[in-house]
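Given the structure is predicted, the values throughout are model-derived calculations rather than measurements.
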Amino acid sequence: MFFDLVSRNSKRNRKENSLFFSSLLIAIIAFYLILSLSNQDVMRFLVTMESDAVNRLLSMIPLFYGVTLFILFFLVYFASKYQLESRKHEFGMYLMMGMRRYKLFLLLFAEDIRNSITALVIGLPIGIATSELISLVTAKLVGLGIVGHTFSLSFKAVIWTVFGFLLIKLVAFLILSGKIAHQEIGALLTPVPAGNKKQLPSVCYAFSLMIGIVLLCVAYILAIRGMSWSSIGIMAITFICGLAGTLLIFFGLRTFMEIIATKFENNHRLHTFTFRQLQEEVIQKSNTMAISSLLILAALCCFGCGVAIAIHYSGTEQHTIDYTFDTDVNSTDIQTLLNENDLNGLFDTVFEMKVGHIKTEDDNYQNVYSMDSVMNSINQLPDSDDKDILLNNLGYEDYPHLISISGYNKLLSLAGLPEMELKENEAVVYMDSGFTTTSRMAILNRIIDTEPVVQINEENFHLTGSIQSTNLVVDRSITLSFALIVSDDVFEQLTQGDYTIYQNAVLSKTQTDGKSLLTAVSDTNVLLNEAGINYESYLQNIGRQLFYVVAASYITIYLAIVFLIIANTVIGIQFLTQQQRTRGRYQTLIRIGSSYHSICYSAKKQINWYFGIPVLIAAISSMFGIRALFSGLLSSSYTSADLKSMMGISCAMILLLCVVEFVYMMVVKKSSDKYLLSLMTLEREE
């Protein structure tokens, strides 16, 4: 009998509180995803390439876990409080019928354990499957394909997920059940009246609304212009203005609700009732709505910014060559070493990239290069930040690197770009993309179109063509802020035969057929290591890309999920709780002839506004918040086109989360309809 009652109550609670149960499932999935991060294929690969960065990232996981436990405890506490308070009359009847208080405690404990185990049984398999899927998607995102993926189950992540979830559930249950079990029977049987809060004059709410809008605009301006990142003090001012502005706006929404309720007529006869209900709820729970909006804002910013950065990083690195061997003019040719170790079939193409400095007879290297004509052309441009940066940076370029054109042309050919032809008195500018922006390159290209004269070791050369930026080697072991590409004869003459040779190589088709790039390069690394040949491989670029993708996507999406479930569960439960406390008003509407359809329409409209206002304010603020994060987190090399593209991705992510918000609203509406249906059969009040 006892266990049958536990089973029936557990099933009923899950059905009637589907919003809370779904939130618990999402929390379990999020727990497992973050705790199993170190056990995934991509992270095991990254440890071999970016071990320091990965270890620092993984060392933060316990911190995220602890903070999440702390936050989710309050979610579980308030949600469980709503569940228990809605059943107080039921508990009072159990005691009236002779059930002992300790048995009531055991009943509630058994129900909680049963629901917790059910959530874990459903949530953990979904979390494991999601973890595997994300691992594959992350690898695909950076162009690795399916990387010999093997199923991985982190028992440590499972244990800590179960422990953390049961811990917060148990602590919340003990606190709440103790309060319920010690209440008198009369208190349990008596409905809790709707709360009341002293109202201020309307002018106070209107003034609060205006001040809140002003403070929020100040926060937007400081964030968008990047001023917030200039110092801790300004960052604190931005944060305080944003927080205070949001709180004041929600506090002042009473005026807005009153105007809608009284000034705007509507054909629906419960129009005024609907907005009076909302007005009262805004007055009593304005801080809750504001905090929920801020949590949704944090979720939107984390998700939008994180995914945009991850997708951007997945396409930033160039892939032209697979290996680079660092040698000099006196070293053994790499092709000879490969032949000696029976590895001559590893590469389809091996070519030299020669890079050196200008040499002088008297070893005086000051001012061996001069480009006064270019600097004069820049000086004549209208004032701008790009102009100032170019004058500053190019002012130090009096001893540039030189690049031999034959090797660079081979690089262009492999990249599918047109090769260059240079006369002996011509040179092409090379600038690594990490040291400039598209707008600055455009300025220089316009000047170079005039073929300005520069002096190299007191000889005149014409700059021609367009600025080149294709990576010289596979990794960032050499990044040139400014260099000159010259003909082979001029290169030998100016460097006097003293230069560095980077031998680049591209894997053969036999080495890559039927394999992903990761597998092919990894297998080749093993062969080169056995032969004792030093190399740099494209895995360095892959490792860096993948780390940024994982760090940006995993952590930010995890935080977004946590913030989102907390915000939506809190605001949904607050509405349903208020609806129960004002049940007398709905019963009065039923007595005076209001139909079930009309009452449900009113409740749904309240839910639309109650959810819509926090989400709308959060969505608007998130556009400024994400732009501010880009200003602070990204380097100045990102162009306006890059930022525009990333903002487009962020907007798409915001729309996606708004769809999630709509789903939450539908769940709350369904719960509201069920509750209102239970009120349609009027009971006689003694």
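- Contact annotation: the side chain of D673 approaches that of Y596 to within less than 4.5 Å [non-hydrogen atoms, C-beta and beyond].
- Contacts of A290 classified as side-chain contact (heavy atoms from CB on, under 4.5 Å), with partners at least two apart in sequence or in another chain: T246, L247, F250.
- Under the 3.5 Å distance criterion, the side-chain polar atoms of S671 are matched with a main-chain donor or acceptor of V667.
- Of the inter-residue distances, the one linking I128 atom CD1 with T161 atom OG1 reads 9.0 Å to the nearest 0.5 angstrom.
- A heavy-atom distance below 4.5 Å is found between the side chains of M289 and Y610.
- Considering only residues two or more places apart in sequence or on other chains, K669 meets the salt bridge (Lys or Arg N to Asp or Glu O under 4.0 Å) condition with none of them.
- Aromatic ring pairs are classed by plane angle as parallel below 30°, tilted from 30° to 60° and perpendicular above 60°; the pair F173 and F109 is tilted.
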Please report the C-alpha distance between Y220 and I620 in whole Å, then the side-chain angles of each, then the deciding distance to 0.1 Å, and finally whether the side chain to side chain contact (heavy atoms under 4.5 Å, CB included) criterion is met. CA-CA 10 Å; Y220 290 161; I620 295 173; 4.2 Å; yes
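- Remark: S594 OG to L676 CG distance equals 11.5 Å, nearest 0.5 Å.
- Distance alone, capped at 3.5 Å, is enough to place a donor-acceptor pair between the S678 side chain and the Y675 backbone.
- Residues passing the side-chain contact (heavy atoms from CB on, under 4.5 Å) test with L248, sequence neighbours excluded: S208, I211, L215.
- One finds the OG atom of S672 at 11.0 Å from the CG atom of L677 (value rounded to the nearest 0.5 Å).
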